[in-house]
Protein chains: 2
Amino acid sequence: MTLRQDIHSSGIPVLCRSCEGRRRGICGALDPDRLAALARSSSRHKIEPGVELVGDCEAVNSYSNVLSGVVKLTKSLSDGRQQIVGLQFAPDFLGRPFKVESEISAEAATVVTLCSFPKAALERMVKESPELEHRLLKQALDELDAAREWMVTLGRKTASEKVASFLVMLALNIDTSVDSAAISASFDLPLTRADISDFLGLTNETVSRQLTRLRAEGVIRIENKRHVRVESVGRLEQRCGGRRPRQFG
Amino acid sequence: MTLRQDIHSSGIPVLCRSCEGRRRGICGALDPDRLAALARSSSRHKIEPGVELVGDCEAVNSYSNVLSGVVKLTKSLSDGRQQIVGLQFAPDFLGRPFKVESEISAEAATVVTLCSFPKAALERMVKESPELEHRLLKQALDELDAAREWMVTLGRKTASEKVASFLVMLALNIDTSVDSAAISASFDLPLTRADISDFLGLTNETVSRQLTRLRAEGVIRIENKRHVRVESVGRLEQRCGGRRPRQFG
DNA sequence: CGCGAATTTGAGTATGTTCAAACATTGTGG
DNA sequence: CCACAATGTTTGAACATACTCAAATTCGCG
């Protein structure tokens, strides 16, 4: 059995062997030959927090897979107000197919590793492998579901419900041991208070006050400003306003 | 040339001949044979305002194209708070592929005509025609862009900016003569004040007050509560908060 | 005409913002 | 090693925007 696996994996490019993108991401749609072709023109990058990956109204020449870390997608108004419209985790595909120009800006929220490839390379693959387009469609629909879930949060929830919903969403996406039945969770916040407020349509002061309140009520515990320990996922979910936040990616 | 066109169109099912879905919707992806196959199992419906098309948490057995009218997609919290998360206009595709259960509820906002076909029929077509999946992906990405645009509106705009943005969006989608250079626009509101408030994350009182204000300032004119005439699209856009709302579908 | 529903208008209030200051935490240079 | 910025976070007090509740008004329709 180990032998067979070795033979089988011998066709897989070294770069891709241990990559999540092959299991859950779009690369799983590619046969070894196409994967090799794509791998030849792709490269890994390590990106520091705060670095802008794609500027607003900027031409986009490459796509990427997120291999680790968190990328925030933001839109801003001309007077500086900002809204985070999406978070991307591994192994999400990053980019907007079929558009020359991005209306969104993407920025590394944490240290991020990406696997990038030229726009043209992916678009050639799409023409050859229908399964690839199928995966892109699936991710787009998942992101659409997530965006709509957050529209409810932005439009109809109170500040305290917003913060609780945000924490539950993070727990589901970051602390992989958390499923619907989990009692406690533990993770590092990938966003600053200011980022969180841009995600929830609040001010950083309000976010801070709500976190303080959750801490005072014993629902969460915060260490070093960044590390969150959710003592009771159930009690946190009760504060989300009556609809369970779904997984983001 | 007329002859050739006749020969060509003779393969097109009667039901589909004058349908927008063939030009701009997903049906444009199908060759005459497949179109005929789909047409055989599809049917047109006329639906009255307020009728629920797809219930929340309900199994979905069919998909549709919107042929006319406006469909609102809503999500609600358990205590009754509601948020409209999307509006669909002709010739949008209505439905969520690859999910057995909907987490969204769809309701006719105006009189709506639909062309419906069984879930299985579409899914068979998708396997056979990659171009169909391509169109679905394109629509999903457009809806995702629209959803994110509205996240900015929900999270970061004031009540008056929200209402202005909403009116501009409607003008672009309903009054087809309106493009980016149009001076004035005119259309019937497809939504009640309560619906508009569910769309913008406001109360109906606030929506009403903002409309009154726009009217008092001479930017719009309202007849019979429902018909809106935008005197100056430019002045309305100035009130949107610095980013032009994009086309919805 | 008169009923019911949707809309408008008003007054008081609450939630979240704004502005300001105090308080960590981290990294830098003396 | 410590002083000291620089940045991010917390806390406080005053304020504003949009909400709530209530009543008046308009519109559509039998």
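A note on names: the letters A, B, ... follow the listed sequences, proteins ahead of strands, and every chain is numbered from 1. Only this structure's heavy atoms are used, side chains among them; waters, hydrogens and symmetry mates stay out.
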Nearest-nucleotide check on DNA chain D, A:Leu191 vs A:Arg156; residue mapping nearer the 5' end is A:Leu191
| Side-chain N or O of A:Thr206 less than 4.0 angstrom from OP1 or OP2 on C:dT15? | no
Between the CZ atom in A:Arg226 and the CZ atom in A:Arg193, the distance rounded to the nearest 0.5 Å is 7.5 Å
ask   = Does the D:dT10 base have a donor-acceptor partner in the side chain of A:Arg213 within less than 3.5 Å?
value = no
Against the side chain of A:Glu205, the closest entry in D:dT9, C:dT9, C:dT18 is C:dT18
For residues 62-85 of chain A, the ring-ring contact (aromatic ring centres under 6.0 Å, His included) pairs (sequence neighbours left out) are A:Tyr63-A:Phe93
Note to self: Checking side-chain polar atoms at under 3.5 Å, does A:His45 have a donor or acceptor matched by the opposite partner on A:Thr113?
What the structure shows: no
| query | Is it true that B:Asp198 and B:Lys72 make a salt bridge, defined as a side-chain N closer than 4.0 Å to a carboxylate O? | reply | no
Winner on side-chain proximity to B:Lys225, out of C:dT25, D:dT26, D:dA18, is D:dT26
Checking D:dT10, C:dG16, D:dA18 against the side chain of A:Ala159 (C-beta onward), the nearest is C:dG16
Can you tell me if B:Thr212 touches the phosphate of C:dT9, counting only side-chain N or O atoms and a distance under 4.0 Å to OP1 or OP2? yes
Does the side chain of B:Leu94 come within less than 4.5 Å of B:Leu73's, by heavy atoms? yes
### Message
Less than 4.0 angstrom from a charged side-chain N to a carboxylate O is my criterion; do B:Glu161 and A:Arg81 meet it?
### Response
yes
Which of C:dT8, D:dA18, C:dT18 is nearest the side chain of A:Arg209? It is C:dT18
From CG of A:Leu211 across to C1' of D:dT9 the rounded distance in Å is 10 Å
Between CG of B:Leu189 and P of D:dG28 the distance, given in whole Å, is 13 Å
Per-helix bend value, the helix from C:dC1-D:dG30 to C:dG30-D:dC1, C1' rotation axes over five pairs per end, 10° rounding, shows 30°
Rounded to whole Å, the CG-C1' distance (B:Asn204 to C:dT8) equals 10 Å
Rounded to whole Å, CG of B:Leu202 lies from P of D:dT20 at a distance of 11 Å
Verdict with reasoning, A:Arg221 to A:Glu231, per salt bridge (charged side-chain N to carboxylate O under 4.0 Å, His left out) | CA-CA 7 Å; A:Arg221 186 170 291 281; A:Glu231 301 291 354; 3.0 Å; yes
A:Asp198 atom CG is separated from D:dG8 atom C1', nearest whole Å, by 14 Å
| field | Phosphate-side-chain proximity, B:Thr203 and D:dC19, N/O vs OP1/OP2 below 4.0 Å | value | yes
Between CD of A:Gln210 and P of C:dG16 the distance, given in whole Å, is 7 Å
A:Ser165 versus A:Lys157, side-chain donor and acceptor atoms under 3.5 Å = yes
Rounded to whole Å, CG of B:Asn224 lies from P of C:dT7 at a distance of 12 Å
Side-chain atoms of B:Arg193 come closest, of D:dT9, C:dT7, C:dT17, to C:dT7
Base D:dG28 paired with B:Arg226 side chain (donor-acceptor, <3.5 Å): no
The answer to which of A:Gly201 and B:Ser208 contacts DNA chain C further toward the 5' end, by nearest nucleotide, is B:Ser208
